[in-house]
Amino acid sequence: MRTDFETLRSLATYTINLLKENKMIEFDSAKREDLIDAMATEYGVAFATDEDIRDQAIEEVEDKMGEDFLPEDITESEMFNHARKEIIKSFNGENIGGLYLVESLNQIAKRMTAFLMDCELIDDVFGTDDELNQFLISRIRNFSPKKN
């Protein structure tokens with residue numbers, strides 16, 4: 001499965017549902033879609049999608065070859081495949097549900113806890129930072145776009 005922004009939206013929906021079910025956040029249900037988009041955007045800083053990696057690899061090939069000398073289907077070129085593999089290798093193979101970790105899972109949990117505390121779309125947050133961090137780490141680790 002190829003990952004893109006919709007995968008980040010799926011992770012955000014999964015997270016919001018779990019936080020709501022466990023009575024850790026309160027928000028106006030009319031703002032749910034806005035909250036999902038905002039959280040997905042925040043997750044986008046912490047995770048790289050296949051789409052991000054593809055774009056980065058194309059950019060690297062363009063930088064090396066120059067735009068005038070690019071093959072017609074750049075994604076089929078050996079240079080593109082090599083650049084893509086190197087980018088993926090830079091993440092040390094760490095991924096969750098096909099999303100590559102740009103930050104450690106602990107840092108992602110801290111980022112998302114701060115997001116929850118500061119987001120104007122959330123009316124109330126229950127629990128300490130540590131409780132939220134541990135909850136997020138355990139739940140994010142189990143995310144699978146196919147299941148969720």
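Worth saying up front: this structure is predicted, and the values here are computed from it rather than measured.
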Distance-only donor-acceptor hits, side chain of residues 104-116, under 3.5 Å, sequence neighbours excluded:
{"from": "S104", "atom 1": "OG", "to": "Q107", "atom 2": "N", "distance (Å)": "3.1"}
{"from": "R111", "atom 1": "NE", "to": "E103", "atom 2": "OE1", "distance (Å)": "3.1"}
{"from": "R111", "atom 1": "NE", "to": "E103", "atom 2": "OE2", "distance (Å)": "3.3"}
{"from": "R111", "atom 1": "NH1", "to": "E42", "atom 2": "OE2", "distance (Å)": "2.8"}
{"from": "R111", "atom 1": "NH2", "to": "E103", "atom 2": "OE2", "distance (Å)": "2.6"}
{"from": "T113", "atom 1": "OG1", "to": "A109", "atom 2": "O", "distance (Å)": "2.9"}
{"from": "T113", "atom 1": "OG1", "to": "N133", "atom 2": "OD1", "distance (Å)": "2.7"}

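In this structure, the separation between CG on L8 and CD1 on I36 is 12.5 Å, given to the nearest 0.5 Å. For the atom pair D52 CG and T3 OG1, the distance stands at 7.5 Å (nearest 0.5 Å). Between the CD atom of E94 and the CZ atom of F47 there is a distance of 10.5 Å, given to the nearest 0.5 Å. How far CZ of R84 is from CG of N81: 7.5 Å, rounded to the nearest 0.5 Å. Taking NZ from K64 and CD from E59, the interatomic distance works out to 12.0 Å, rounded to the nearest 0.5 Å. Here CD of Q134 is found 11.0 Å from CZ of R139. Values are rounded to the nearest 0.5 Å.
Closest approach of S10 and P145 over heavy atoms only: OG-CA, 4.4 Å. Considering all non-hydrogen atoms of both residues, R2 and D50 come closest at CA-OD2, 3.3 Å. Contact between C119 and L35 at its shortest, heavy atoms only, is SG-CD1, 3.9 Å. The shortest heavy-atom contact between A83 and V61 is CB-CG2, 4.5 Å. Between E51 and D4 the shortest heavy-atom distance is OE2-CB, 3.7 Å. Residues F80 and I58 share a closest heavy-atom pair of CE1-CG1, 3.7 Å.
Between T49 and R54, every side-chain heavy-atom pair lies at or beyond the 4.5 Å cut-off. Taking the side chain as every heavy atom from C-beta outward, F91 and I53 approach each other to under 4.5 Å. Proximity of L121 to F27: side-chain heavy atoms (C-beta onward) are nowhere separated by under 4.5 Å. At least one side-chain heavy atom of I96 sits less than 4.5 Å from a side-chain heavy atom of I140. Side-chain contact check for L19 versus F135: some heavy-atom pair is nearer than 4.5 Å. Under the 4.5 Å side-chain criterion, counting only non-hydrogen atoms from C-beta, L99 is not in contact with Y43. Between D28 and K31 there is a side-chain heavy-atom pair separated by less than 4.5 Å. Using a 4.5 Å cut-off on side-chain heavy atoms (C-beta onward), V125 and M24 make no contact.
Among residues at least two apart or in separate chains, salt bridge (charged side-chain N to carboxylate O under 4.0 Å, His left out) pairs with a member in residues 15-27 are K20-E26. The stretch residues 117-131 participates, sequence neighbours left out, in no salt bridge (charged side-chain N to carboxylate O under 4.0 Å, His left out) pair at all.
Using a 3.5 Å distance cut-off with no hydrogens or angles, the side chains of Y14 and S144 do not pair a donor with an acceptor.
Clustering ILVMFWY residues whenever any of their side-chain heavy atoms sit less than 4.5 angstrom apart, transitively, puts M117 in the very cluster that holds L18.
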S90 vs Y100, test: side chain to side chain donor-acceptor pair (under 3.5 Å). Steps then yes/no. CA-CA 10 Å; S90 72; Y100 298 91; over 6 Å; no
Test R9 against D37 for side-chain contact (heavy atoms from CB on, under 4.5 Å), laying out the working first. CA-CA 7 Å; R9 280 185 48 81; D37 284 337; 2.2 Å; yes
side-chain contact (heavy atoms from CB on, under 4.5 Å) between F5 and T41: does it pass, once the steps are laid out? CA-CA 8 Å; F5 188 74; T41 301; 3.9 Å; yes
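With respect to the salt-bridge test (charged N to carboxylate O, under 4.0 angstrom), the residues E86 and K89 qualify.
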